[in-house]
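A short worksheet on the structure shown next.
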Amino acid sequence: MTDYPAIHGPSRPDWDCLVCGEPWPCLTRKRQLKELCQCNVRTLLHYMSEYLRDAHQEIEGMSTAEITERFVGWCSRPLEMWVVQDIKPVDDGGTSANQEAGR
């Protein structure tokens, strides 16, 4: 018997993920949807547009642009762009800037 991963679906009307509690669609669901749609952006946009209509009516405290970005803005972006980078720039005392200026 195959063990299927949990489907990270939305709880409504707050639109948080039922599994991980992150704002939906969470990173896991985005990956699942990309795989489901075989990376076909048109199919993914069509699928997410159905949710977008409801989200515009149900989510409060976010602008239309923010909701649109959250639900369909990521669809055509590569996976690497979805991951939030927690890397802070290292202060090297200006060494990099000095090296650039010397070139």
To check you understand the geometry: which heavy-atom pair defines the closest contact between [X] and [Y], and what is its length?
X     : Y     : value
Leu52 : Thr68 : CD1-CA, 3.8 Å
Met48 : Cys75 : CG-SG, 4.1 Å
Glu66 : Met62 : OE1-CA, 3.3 Å
Leu18 : Ser11 : CD2-CB, 3.3 Å
Asn40 : Thr43 : OD1-N, 3.1 Å

Would you find a donor on one side and an acceptor on the other, under 3.5 Å apart, between the side chain of Arg70 and the backbone of Trp24?
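Indeed, once roles are kept as given, a pair shorter than 3.5 Å links the two residues.
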Distance (rounded to the nearest 0.5 Å) between [X] [atom1] and [Y] [atom2]:
X     : Y     : atom1 : atom2 : value
Lys30 : Leu44 : NZ    : CG    : 10.5 Å
Asp16 : Cys26 : CG    : SG    : 10.0 Å
Cys37 : Arg42 : SG    : CZ    : 13.5 Å
Arg12 : Glu58 : CZ    : CD    : 4.0 Å

Does His46, at its NE2 atom, have more than 12 non-hydrogen atoms belonging to other residues, nucleotides or ligands within less than 6.0 Å?
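Atom NE2 in His46 is not crowded, with 12 or fewer foreign heavy atoms closer than 6.0 Å.
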CD of Glu60: more than 12 outside heavy atoms within 6.0 angstrom?
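Not more than 12 within 6.0 Å, no.
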Out of curiosity, does Leu36 fall in the hydrophobic cluster containing Phe71 (side-chain heavy atoms, cut-off under 4.5 Å, transitive links)?
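Yes: a chain of side-chain contacts under 4.5 Å links Phe71 to Leu36.
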Run the side chain to side chain contact (heavy atoms under 4.5 Å, CB included) check on Leu27 and Trp74 step by step: do they pass?
CA-CA 10 Å; Leu27 182 59; Trp74 59 273; over 6 Å; no
Using side-chain heavy atoms (C-beta onward) and a distance below 4.5 Å, is Thr28 in contact with Val19?
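They are not in side-chain contact.
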Within-4.5 Å side-chain heavy-atom neighbours: Asp54 and Trp15
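SC-SC contact between Asp54 and Trp15 confirmed.
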Salt bridge present between Glu69 and Arg77 (N-O < 4.0 angstrom):
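Looking at Glu69 and Arg77, the cut-off is met.
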Passes side chain to side chain contact (heavy atoms under 4.5 Å, CB included), His8 versus Cys20? Steps please.
CA-CA 7 Å; His8 288 241; Cys20 65; 3.8 Å; yes
